[in-house]
Amino acid sequence: MATPKLAILGQALSPNHHQLARQFVTLDNFYDSGEQSSTGWTWTTAARVPDLLEKNAPVNYAQRGLAYEAEEADRSIYTALTPAERRAVNPKAPTDPDVLPGPALLTAPDGDDDASAGQGFLWSAAIRAGLSVRNYGFSDASIYDAGEPGAKPLEREPAKTGTRIYTPGDRLLASRSDPYFRGFDQKMPDYWRMLEWQREFDAADAAGTVPALTLLRLSHDHFGDFKDAIDGVNTVETEMADNDYAIGRVIERIAASKVADSTVVFIIEDDAQNGADHVDARRSIAFVVGAHVTQQALVSTRYTTVSLLRTIEALLGLKPLGLNDALALPMADVFDMAATPWSYRATAASVLKTTALPIPDDRYAVATRACPTHTAQYWADAMRGQNFAQEDRLDTAAFNTALWRGLGSGPEPVVRSGADLRQGRTATVAAASCS
């Protein structure tokens, strides 16, 4: 166990993360299969990573060349789009139709037959099996950096104006994606993404057409764009709390729906890169919530990203995507087949009172102690030089140091103390600052 002082984004900033773990299952022995995000995303969506991507990633992360390959783009080019479509999305895209050797998506795993090249993802299998799928923010080819040609306008509720925001980078997801859902953009609070998802969910729930598989991306736990972020959600503290509240609201809406008794929600980070955990560099958080999920339980069974994918496949009645998940056991210890009713009510961290988000007063959690907060200017200065325009383009060592200096207490921890904190755990947690 680690001292709670190392949890710099603790309960005061993430009340829903903590409540979900307490109310359902705390997974304290869960590990991400990917070392970093470009491979981690593919592990999370396909349970395996092609050889090219595995070999490319360490060279890129060592800053020795090669492109950052991720989310169905080879050399930063979405091969699913024609050259004309690429230019329509990004006016800076090359016009040469032969900019790549061919149209194949070499960083994507293949499906289970010759006709499914580059279609080895979870949603590909679900679609081939005839299941309904809805996507919110996965494989997004849109540009959100306001300084770039072709950037999408920053609108809180684009469905009201009919402004299409999302550009599919996957042919199968093209007709199954919400065109008004904004992908990775740290200027936009997750609160508005949650409301856009809820807009569609409300209609589907009323009509009895909730999809079998939903892919939902809420990205504000990444932090960034402090200078240009809107609604006062422009610090690490508020962005973490915004992500936390959005997650809580999603769970609350599902719990109150017609499909509550047949829905399970899986929440995962695709990697645990940098800021290594005190137990293992791959140990990470994961949440399982919903129907037939064991309540108020600690589950210490060793599970991984592949275990989670195998579980989703089992619930959907899908065959394994490949050998890795075929050999993995579903997360059986997480479930209780007794029909236990479940409900949930989201709470907002008190730091969100400093923002312009329209959160009712009765939603705020009672703060037992105040977390230190900094201004947007403080974080902009602390993160100067970082690239927040796209995922994981950071100087991660400098990023982690800035986080610790802004939220931590004492010298930045760089070695394990070896202290055994199993004894007196309750008192230790109670005494921790910003717990």
Roughly how far, to the nearest 0.5 Å, is the [atom2] atom of [Y] from the [atom1] atom of [X]?
X    : Y    : atom1 : atom2 : result
E54  : T39  : CD    : OG1   : 5.5 Å
L403 : M240 : CG    : CE    : 11.5 Å
R134 : W123 : CZ    : CH2   : 15.0 Å
N16  : Q23  : CG    : CD    : 10.5 Å

Could you check whether any side-chain heavy atom of [X] comes within less than 4.5 Å of a side-chain heavy atom of [Y], counting everything from C-beta outward?
X    : Y    : value
L106 : P50  : no
L352 : Y364 : yes
F30  : I285 : no
V334 : F24  : no
L20  : I247 : yes
T214 : F201 : no
F181 : N135 : no
R199 : Y180 : yes

[X] side chain to [Y] backbone, donor-acceptor under 3.5 Å:
X    : Y    : answer
S284 : A272 : no
S14  : L9   : yes
D270 : G40  : no
Q186 : S219 : yes
S132 : A212 : yes

Query raised in the report: Taking only residues two or more places apart in sequence or in another chain, which ones pass salt bridge (charged side-chain N to carboxylate O under 4.0 Å, His left out) with R176?
Result: none
Requested in this report: Report the residues that fulfil salt bridge (charged side-chain N to carboxylate O under 4.0 Å, His left out) with E157, sequence neighbours left out, ordered by chain and then residue number.
Outcome: K160
Query - Positive for salt bridge (Lys or Arg N to Asp or Glu O under 4.0 Å) with R156, one of D185, D190, D231 - result: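 The single option meeting the salt bridge (Lys or Arg N to Asp or Glu O under 4.0 Å) with R156 is D231.
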Any salt bridge linking [X] with [Y]? Criterion: basic side-chain nitrogen under 4.0 Å from a carboxylate oxygen.
X    : Y    : answer
D112 : R128 : yes
E252 : R249 : no
R193 : E196 : no

Query raised in the report: Where does the angle between the aromatic ring planes of F226 and W379 fall among parallel (under 30°), tilted (30 to 60°) and perpendicular (over 60°)?
Result: tilted
Query raised in the report: Out of D242, D244, N243, which one pairs with H220 under the side chain to side chain donor-acceptor pair (under 3.5 Å) rule?
Result: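 Exactly one candidate clears the test, D242.
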For [X] versus [Y], what's the shortest heavy-atom pair and its separation?
X    : Y    : answer
T305 : W43  : CG2-O, 3.7 Å
V351 : A241 : CG1-CB, 3.6 Å
P83  : P97  : CG-CA, 4.1 Å
S37  : Y61  : N-OH, 4.0 Å
A229 : V233 : CB-O, 3.3 Å
A80  : G169 : CB-O, 3.4 Å

Requested in this report: Would you indicate whether D361, at its atom CG, is surrounded by more than 12 heavy atoms from other residues, nucleotides or ligands within a distance under 6.0 Å?
Outcome: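 No, the 6.0 Å shell around CG holds no more than 12 heavy atoms from other groups.
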Report task. Please check if atom CZ in R345 has more than 12 non-hydrogen atoms from other residues, nucleotides or ligands closer than 6.0 Å. Result -> yes
Query raised in the report: With a 6.0 Å cut-off on ring centres, are F121 and W41 close enough?
Result: yes
Query - Candidate pair F138 and E72, rule side-chain contact (heavy atoms from CB on, under 4.5 Å), full reasoning - result: CA-CA 10 Å; F138 280 42; E72 301 188 85; over 6 Å; no
Query raised in the report: When you look at F388 and L394, which way does the side-chain contact (heavy atoms from CB on, under 4.5 Å) test go after all the steps?
Result: CA-CA 7 Å; F388 295 112; L394 305 175; 3.7 Å; yes
Query raised in the report: Under the salt bridge (charged side-chain N to carboxylate O under 4.0 Å, His left out) criterion, do D28 and R283 qualify, and how do the steps go?
Result: CA-CA 8 Å; D28 68 346; R283 195 172 80 136; 5.5 Å; no
Would you list the atom pairs, donor with acceptor, under 3.5 Å between side chains in residues 316-331 and any protein atom, with sequence neighbours excluded?
residue: N324; atom: ND2; partner: A47; partner atom: O; Å: 3.1
residue: D325; atom: OD1; partner: G322; partner atom: N; Å: 2.9
residue: D325; atom: OD2; partner: L321; partner atom: N; Å: 2.6

Requested in this report: List the steps, then state whether side chain to side chain donor-acceptor pair (under 3.5 Å) holds for E155 with T161.
Outcome: CA-CA 9 Å; E155 293 192 23; T161 60; 2.7 Å; yes
Query raised in the report: Is it true that the NZ or CZ of R86 lies under 6.0 Å from the centre of Y78's six-membered ring and within 45 degrees of the ring axis?
Result: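 Relative to the ring axis of Y78, which defines the angle, R86 lies outside at least one limit.
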Query - side-chain contact (heavy atoms from CB on, under 4.5 Å) evaluation trace for L66 with R64 - result: CA-CA 7 Å; L66 302 184; R64 294 179 179 176; over 6 Å; no
Report task. Please report the C-alpha distance between E35 and R282 in whole Å, then the side-chain angles of each, then the deciding distance to 0.1 Å, and finally whether the side-chain contact (heavy atoms from CB on, under 4.5 Å) criterion is met. Result -> CA-CA 7 Å; E35 294 91 351; R282 292 175 183 258; 2.8 Å; yes
